[in-house]
Each structure stands twice: as C-alpha cells, then as structure tokens.
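Notes follow once the structure below has been shown.
Any value given below was found using the heavy atoms of this structure, including those in side chains, with hydrogens, waters and symmetry copies removed. It should be emphasised that the depicted structure is a prediction, and the values quoted were computed from it without experimental measurement.
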Amino acid sequence: MKRKPELTVCPLGGMGEIGKNLTVFRCGDDFIIVDCGLKFPEEDMLGIDFVIPDIEYLIENKSKIRAIFITHGHEDHIGALPFVLPRLDVPVYCSRLAGGLIENKMVDAHTGYTPDYRYVSPGDRVTAGCFEVEFIQLCHSIPDAFALAIHTPLGVVVHTGDFKFDPTPSDGNRPDYSTLARLGDEGVLLLMSDSTNVERPGSTPSEKVIGQTFERFFRLYKDRRIIIATFASNLNRTQMILATAARFNRKAVLVGRSMTANVELAAQLGYLDVPDGLIVSAQDAEHMPDNHVVILTTGSQGEPFSGLVLMSRGAHRQVKLGPKDLVIISATPIPGNEKLVSQTVNRLFACGAEVIYEREEKIHVSGHASRNELMLMFSLTRPKFFVPCHGEYRHLVRHAQLAREMGVAAKNVFILQNGDQLRFADSRKAEVIGRVQAGPVLIDGVVLGEFEGSILRERREMAENGLVVISVVLDGSLRPAAPIQIQTRGSVYSADDGSTFGELENAVRTAVAQFARTPGAKRETLPTEIRKRIREVFSRSSRNYPTIIPLITYI
C-alpha cells in the first residue's frame, strides 16, 4: 500500500508575539501558506516602520508553493504581502474585501507587481496540490473573517485565524457553528487557535454593545462636535458610527488616509451602507454647526502622524480641538502602545476637549475569543492535537493548559516557536523535527532591511553615544594637506571643548604618521587605526564611545 505523505506545520511568525502571522503547511512536495502579516516595531527598533517574517525558507522552496490563503484583512495577516508576493509569485485566495485591502497596500508600496487574486466566500473549497482548503465563516472586528479547514491525506487541520463567537454580530453574519461541529464529528487531526484573550474569563461582548454606547453618547452630547478614533480596518464599528450619525442628523468627516481608503473601498464593495450625502469633506464641515458633525479618525494607538495625534498637538491643518469637542477613543492600547496612548490623552485634555477612553465606558470590545469561547472551539472540533497561536508566550502557555483541561492529551499539545517544524508521519504521532530560519526582517519606509542585525545595533549606538565624523586630506606623501576637520552630532563633546578637540586632532595625526611609516601599509587599514587612536582619547573620560566615521581623501 502506498504510504501517505508526511504533513509538516511550520510557523514563520505569530508565535510568542502579536503580529506577523505566517504559517507554512507542507504535504509531500506541496506547500501552502496561511496569512502573511506584519508587526509594528518595539520601542528599541529606532526608525523602523514595521517588521515582517523572514521568508528565506519559502524562497528556497518557491517552486513547491501552491498558494497563499488569507483568513482576513488585518495588517497583522496581510501587511507583509507587498514584500513577499513579488518574490513568490503565487495565487492569493481571499475575500473581496481582503483583496481590496491587499491591493491598496501593493499600490502604496509601488511594487509594480499584479497579484493573482482568487476570491472566495464562506463554504468554498479550494484544491492546492494535495491540500483542500475549506473557508468557514467566523466573527472578528472586520467582515469576512474565516477559519480554515485544511484537508490533508493525514487528516483535517482547523486554523481559526482571529475569531470570536459573536451571537449578535453587527453585520448579521453569524459564526458557522454547524461546520465546526461537522468537522469535529468527522475527526480533526490538529487545531491551531487564536490565543490572544485566553487570560480573559467568560465571553467577549458582542459588537452590538458598542452600538448602544454610541447611541448614549450621541444623545448625551448633542450640543458638541464628536470625534471618534478607532482602527481604520474595524469596518463593523465604522458602520455603527455612520448609522448613528445618520440617525442623529450629523454629517461624517473621514480623517486619515487609511480611514478614507478603507471606507471608500468597503462602500464600493458593498460592505458598508453609506447614505448619499452622509460623508462630507473637512472643508465643508467647517461651515456646519459643531453638533451636526462627527469626525472618524485614525490614531487610537497614538501613532505619531495619525489624525488624532496631530489634532492633539494642534498640528492638524483642518481640525482644531477645543472645549466644544468630545473625543472618544474606541480601542484599547496594543501591548507596547500604552505610553503613546496616554500621552495623546493628556494632550487632548490640554486642548480643552472632553475625552472618553476608559474601558468601563464600553466604547470598545475585542475581536478575539475569551476563555469560554476558546473552550467552545475545543468542544466543537474535539482535536487530537493542538497548537496555540497568535499570542505572546504566556498566552500560548495558558492556552496549552486549557487544551489539556479540555481533554487533549498532554503529549499532543505543542507550544511552537517561529521556525519550528512539527511533523506528522501519521495521524497518531507528532514531533518537532528541527527548525528553519525564522525571525524579524526590518522595514524602513518601503526598503527591505536585514535580519535584525547591524542596522539596529548601529542605530542604538548612535542614539546612546552620538556620532563623530573626522575628515582627513592626505597628499602623495601621506602627509595632511589640509586642516583636520572634526564634527560631532549627539555627542557630549563639541567644537567648544577645545582641549578635547586638540587631543582628538593629535590622535588623528599620530595615526596618520604611524601609517605613513609602516612599509607596505594598505590604505584600507588607516580608518581602523584612526578609530583606535580616537577611542584611546575617549577612554580616558568615558566608558562609552561615539560612533566614529573617518572620511579620508587622497590627492
């Protein structure tokens, strides 16, 4: 009897972190990819705009990749595609909304690459090599959020994507409990499930709660202009705000490039119901009474150049805040953004505005399943093996503990790290067989950086200790042909510090003289000699050295 091909699951992102989700499934010589997202930089990633997964493993196996499957259109699931798709050139299966959001990102990145979009709907099945992928409707904070049932020769893998079980979703599209239960009855080999809210007891509140909160604030503050900051991709919430604005006879103004682009795209595709004349420009709103306007803006995470942050600084060209404004921040800070959000709130109060940002006001609900819903996912699918995903390491550990409580055998629960390869030789046993290259790749603007190496190290050194630039002009006899120029940036030493600069000049002259006396000395060794002598000067007064850059000109 012909042996079934082995199944290997390899996450390249999304394990032990919130963001840059990317998982590779291999069966024989067929590869498929689920999601391809980015992560926003940590505080010490100076000047870095975002981080994407290292895809060297995918490049090495490019000819075997059959397709990329997208669970939904959030940045942490699609944001890396402009950098990955042109290098892999494979079809992308996604909803029409996710496809539109991906296309906007491709255009912004100026890739010049035209993806092969293949649009899917809930219930569709797609064959890719020896895989058959089934799309299952779930709820999240964006329409068309799918779980994937990946049918393989060894059994079914259920990948939940980001989800919650919302019994009263604002768009009316309820979770497909019956398909999950059917898969559980038929037998699920492996469940990979969203771990973000595993520490929260109970169930995540329905998005409908937020609609009631908006109604209350629009009624209480009917004499004020209302500014609401939320995620540009949270289209279900945007629909609630627009509907509430229409009921209270207010016009809506969109502020922020991503907010405007997402609303226009969703309205064009039929995901948003926007009555004619409801959305007006900021210029038109200037001529309207304050209590006839609601402003939807980006900046709920304190992003430095977002609409809300510019307003809080008084730097927005069209919207100036004052005592007649109510600002609602309809989001909770992503881990690591707490300080930025707090600073923004303080500045908003300083503008004279009233600010609502407290969790108890029910102005935000999560798009992720809490503990009871995660237990329901186990009950429906009844998996033989389990891998927690999409969460910081403690979330993965807690979710693994929950799996064991729900009856999954301890030996069948795996907490993976990015790059781990989990192999199923058959449906009875799984083991981690090794690692592939995985880690963060840094993006500065639209330039692909390197694998978190010297770029960050150099930036940290310059940020902590400053920069010293030394310009030396040498004649044919290797003697100085012009005065030595020394400039500093961000250093405690300056040109006013005559004695130190004199020592630095002497150190450079000593290095040049020694270089000239050394028989057969190669020119490329002179910068190293200059750095060595300069460090000797700094070592007498400091334990830290600035970054030293010698510029040598030969005439």
Side-chain angles (χ1 to χ4, degrees), residues 1-12 14-16 22-34 57 61 64-66 69 71 125-134 136 147-161 179-195 198 374-391 395-436 438:
M1 187 175 72
K2 185 178 179 181
R3 181 180 173 85
K4 293 179 180 178
E6 295 179 343
L7 171 66
T8 304
V9 180
C10 179
L12 297 182
M15 295 294 182
L22 191 161
T23 305
V24 184
F25 295 86
R26 177 178 184 175
C27 185
D29 285 332
D30 296 320
F31 286 63
I32 63 170
I33 300 167
V34 172
Y57 174 61
N61 294 281
K64 301 174 183 177
I65 300 172
R66 306 302 172 222
F69 294 86
T71 60
R125 289 186 175 224
V126 172
T127 299
C130 65
F131 297 97
E132 185 181 48
V133 180
E134 181 179 2
I136 306 166
L148 303 179
I150 303 169
H151 298 263
T152 79
L154 293 181
V156 176
V157 177
V158 173
H159 188 299
T160 68
T179 296
L180 294 171
R182 171 180 58 79
L183 292 167
D185 290 341
E186 295 171 355
V188 170
L189 174 68
L190 170 66
L191 172 66
M192 301 183 70
S193 183
D194 176 8
S195 306
V198 67
L374 297 176
M375 293 169 69
L376 177 56
M377 180 61 77
F378 281 114
S379 297
L380 290 170
T381 56
R382 306 194 298 281
K384 183 181 295 185
F385 294 88
F386 176 66
V387 170
C389 58
H390 196 287
H395 300 140
L396 306 186
V397 171
R398 294 295 189 196
H399 207 171
Q401 292 170 347
L402 181 62
R404 292 189 284 270
E405 292 172 14
M406 292 298 296
V408 181
K411 63 183 178 65
N412 291 350
V413 177
F414 293 88
I415 299 175
L416 300 183
Q417 299 181 43
N418 295 330
D420 283 347
Q421 297 187 87
L422 179 64
R423 182 181 66 183
F424 294 83
D426 55 45
S427 60
R428 297 184 301 274
K429 182 183 177 183
E431 60 180 341
V432 177
I433 59 169
R435 293 176 55 79
V436 302

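How far CD of Q417 is from CE of M15: 10.5 Å, rounded to the nearest 0.5 Å. Distance CZ/R66 to CD1/I32: 11.0 Å, rounded to 0.5 Å. The distance from the OG1 atom of T381 to the CG atom of L183 is 8.5 Å, given to the nearest 0.5 Å. For the atom pair CZ of F25 and CD1 of I150, the computed distance is 4.0 Å after rounding to the nearest 0.5 Å. For the atom pair CZ (R26) and CG (L7), the distance works out to 11.0 Å, reported to the nearest 0.5 Å. A distance of 11.5 Å separates CE in M406 from CE in M377, rounded to the nearest 0.5 Å.
Applying the ring pair (Phe, Tyr, Trp, His ring centres under 6.0 Å) test to F424 and every residue at least two apart in sequence or in another chain returns F385. H399 is linked by a ring pair (Phe, Tyr, Trp, His ring centres under 6.0 Å) to F378, F386, counting only residues two or more places apart in sequence or in another chain. Residues that satisfy the ring pair (Phe, Tyr, Trp, His ring centres under 6.0 Å) test with F414, not counting sequence neighbours, are absent from this structure.
Considering all non-hydrogen atoms of both residues, V34 and T71 come closest at CG1-CG2, 4.0 Å. Across all their heavy atoms, A400 and V413 have their closest contact at CB-CG1, 3.6 Å. Between P5 and G28 the shortest heavy-atom distance is CB-N, 3.7 Å. Shortest non-hydrogen contact noted between E134 and T179 is OE2-CG2, 3.7 Å. Among all heavy-atom pairs drawn from L416 and P11, the shortest one is CD1-CD, 4.0 Å. A pairwise comparison of heavy atoms in K384 and V408 identifies O-CG1, 3.7 Å as the closest pair.
Looking only at side-chain heavy atoms (C-beta outward), N418 and L12 stay at 4.5 Å or farther from each other. Proximity of L422 to V387: side-chain heavy atoms (C-beta onward) are separated by under 4.5 Å at one or more points. In this structure the side chain of L374 reaches within 4.5 angstrom of the side chain of S193, judged on heavy atoms.
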Original post:
Passes side chain to side chain contact (heavy atoms under 4.5 Å, CB included), H395 versus R398? Steps please.
Top reply: CA-CA 5 Å; H395 300 140; R398 294 295 189 196; 5.8 Å; no
Test side chain to side chain contact (heavy atoms under 4.5 Å, CB included) on Y57 and F31 and set out the steps. CA-CA 11 Å; Y57 174 61; F31 286 63; 3.3 Å; yes
Could you walk me through whether H159 and L190 satisfy the side chain to side chain contact (heavy atoms under 4.5 Å, CB included) test, starting with their C-alpha distance in whole Å, then the side-chain angles of each, then the deciding distance to 0.1 Å, before giving a yes or no? CA-CA 8 Å; H159 188 299; L190 170 66; over 6 Å; no
message: What verdict does the side chain to side chain contact (heavy atoms under 4.5 Å, CB included) test give for V436 and V24, after you've listed the backbone C-alpha separation in whole Å, the side-chain angles of each residue and the deciding distance to 0.1 Å?
response: CA-CA 11 Å; V436 302; V24 184; over 6 Å; no
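Partner of T160 under the side-chain contact (heavy atoms from CB on, under 4.5 Å) criterion, chosen from L180, I136, L148, L191: L191.
The main-chain N or O of C389 is found under 3.5 Å from a side-chain atom of S195 such that the two form a donor-acceptor pair. The main-chain N or O of Q421 is never found under 3.5 Å from a side-chain atom of T8 such that the two would form a donor-acceptor pair.
Counted within 6.0 Å of NZ on K64, heavy atoms from surrounding residues, nucleotides or ligands total more than 12; the atom is thus considered enclosed.
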